There are 2 protein chains.
Amino acid sequence: MRDAKRILEEKDISPSLQRVIILKYLQEHPNHPTVEDVYHDLIDDIPTLSKTTIYNTLKLFTQKGIVYQLAVPGNEAHYDYSEGYHAHLLCEECGGIFDIESDISLNIENDLEGHLILGIEVIYRGICRNCRKE
Amino acid sequence: MRDAKRILEEKDISPSLQRVIILKYLQEHPNHPTVEDVYHDLIDDIPTLSKTTIYNTLKLFTQKGIVYQLAVPGNEAHYDYSEGYHAHLLCEECGGIFDIESDISLNIENDLEGHLILGIEVIYRGICRNCRKE
DNA sequence: TTGACTTTTATAATGATTACAAAAATGTAG
DNA sequence: CTACATTTTTGTAATCATTATAAAAGTCAA
């Protein structure tokens, strides 16, 4: 796992206590946490932590391309820090989000119908293996 | 364009005035309208129309698989009725959503790592051709 | 140590969506 | 046609995530 402080410095973000802790949290919790998740899990470590800080920090990280906001319609935003590319499965039963080792070596052309393409996101919708058993 | 009333009946939805008009609107406006868009454009035709009705109706349509909610993180939900599959480009400059004629004949296997796959959504992020010119 | 600047924090405001209960519309049995 | 049950729509209030704002705290250099 890459050093959080170094990642921030490379992106010209001053590595404040809160920012480093939030980034470390995202690195250690690749389960697509929400702002609420981050807050709930860190408030014991930093009792002064404010939700606004988490919002601000995650917005900053997103703009800098360190994390990205997962598109889940109609709900809170989920955040994903990950070094390798992967797709996601959205379970329609339990609402869970699962990583999919997508082999879609998507023909990401820079130019697609005149648009400049910077990234791609693949979302599968279905029933996850856990809900399927029931 | 398929008959709206028939589509509803096939899905066991009683074709009330509002439902038919909302579905027709979605058919005729494939530009991924929001609830606000639908309301704004239909309130002149049906002065009694309530936003709640649009929310309820679109939720119903989504559950029945007639339309689907487009995943745009951090904003209102956009709705899409379309007969053929296509991907979407999200412009990071203007926020616009563009259809992409995706040739991804994605290997939609029913089973992917144990999950049951029902659908797939591909979202490109980038700069649209209009913003690019500037 | 002072002052400028950045970061964090708490509170209030906004905006989308949902809950709820009443009103209107529709369907059905007598 | 009428009375009653059910469905659908509507308006209002409530909820929930997110953003705006301004004060407080922290950082850093002269």
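For clarity, every value in this text was computed on a predicted model and none was experimentally measured.
- No option in A:L58, A:N56, A:T57, A:T52 other than A:L58 meets the side chain to side chain contact (heavy atoms under 4.5 Å, CB included) test with A:I54.
- Residue B:L17 contributes atom CG, which lies 14 Å from atom P of D:dT8 at whole-angstrom precision.
- Between A:Y39 atom OH and D:dA17 atom P there is a gap of 13 Å when expressed in whole angstrom units.
- Screening residues 32-48 of chain B for side-chain hydrogen bond (donor to acceptor under 3.5 Å, both in side chains) gives B:Y25-B:D41, B:H32-B:H88, B:H32-B:D99, B:T34-B:D37, B:E36-B:K51 as the qualifying pairs, with residues at least two apart or on separate chains.
- Position along DNA chain D of the nearest nucleotide to B:T52 versus B:I13 favours B:I13 as the more 5'-ward residue.
- Nucleic acid contact class of B:S14 (heavy atoms, under 4.0 Å, all strands): sugar-phosphate only.
- Comparing A:E76 and B:T48 against DNA chain D, the residue whose closest nucleotide sits nearer the 5' end is B:T48.
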Sugar-phosphate atoms are those with a prime plus P, OP1 and OP2; base atoms are the rest. Using that split, label each nucleotide of nucleotides 23-30 of chain D B, S or - for protein heavy atoms under 4.0 Å, 5' to 3'.
-> --------
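- Between the side chain of A:H115 and the backbone N or O of B:R129 there is at least one donor-acceptor pair closer than 3.5 Å.
- Taking side-chain N and O atoms only, B:S16 has no distance below 4.0 Å to OP1 or OP2 of D:dT8.
- Using a 4.0 Å heavy-atom distance criterion, A:N75 is classed as making no nucleic acid contact.
- For A:Y55 and D:dT18, the shortest distance from a side-chain N or O to OP1 or OP2 is below 4.0 Å.
- Considering only side-chain N and O atoms, B:K51 lies nowhere under 4.0 angstrom from the phosphate OP1 or OP2 of C:dT17.
- One can place CD of A:Q69 at 14 Å from P of D:dA17, the figure rounded to the nearest angstrom.
- Between B:T53 and D:dT10 there is a side-chain N or O to OP1 or OP2 distance below 4.0 Å.
- Here D:dT15 presents its C1' atom at 14 Å from CD of A:E36, a figure rounded to the nearest Å.
- Atoms OH (B:Y79) and P (C:dT17) sit 6 Å apart, rounded to a whole Å.
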Do B:E113 and A:L89 pass the side chain to side chain contact (heavy atoms under 4.5 Å, CB included) test, and can you show the C-alpha distance, the side-chain angles, and the key distance before you say yes or no?
-> CA-CA 10 Å; B:E113 300 180 23; A:L89 170 93; over 6 Å; no
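- In this structure, the side chains of A:L116 and B:E93 stay at 4.5 Å or more apart for every pair of heavy atoms.
- In this structure, B:R19 places its CZ atom 12 Å from P of C:dT26, rounding to the nearest Å.
- Atom-to-atom, CD1 of A:I43 to C1' of C:dT9 comes out at 11 Å; the value is rounded to the nearest Å.
- With rounding to whole Å, B:L49 atom CG is found 10 Å from D:dT9 atom P.
- When the side-chain nitrogen and oxygen atoms of B:Q18 are compared with OP1 and OP2 of C:dA25, none of them lie within a distance under 4.0 Å.
- Side chain to side chain, A:E83 and A:Y85 fail the donor-acceptor criterion of an N or O pair below 3.5 Å.
- Other residues, nucleotides and ligands place no more than 12 heavy atoms under 6.0 Å from the CZ atom of A:R6.
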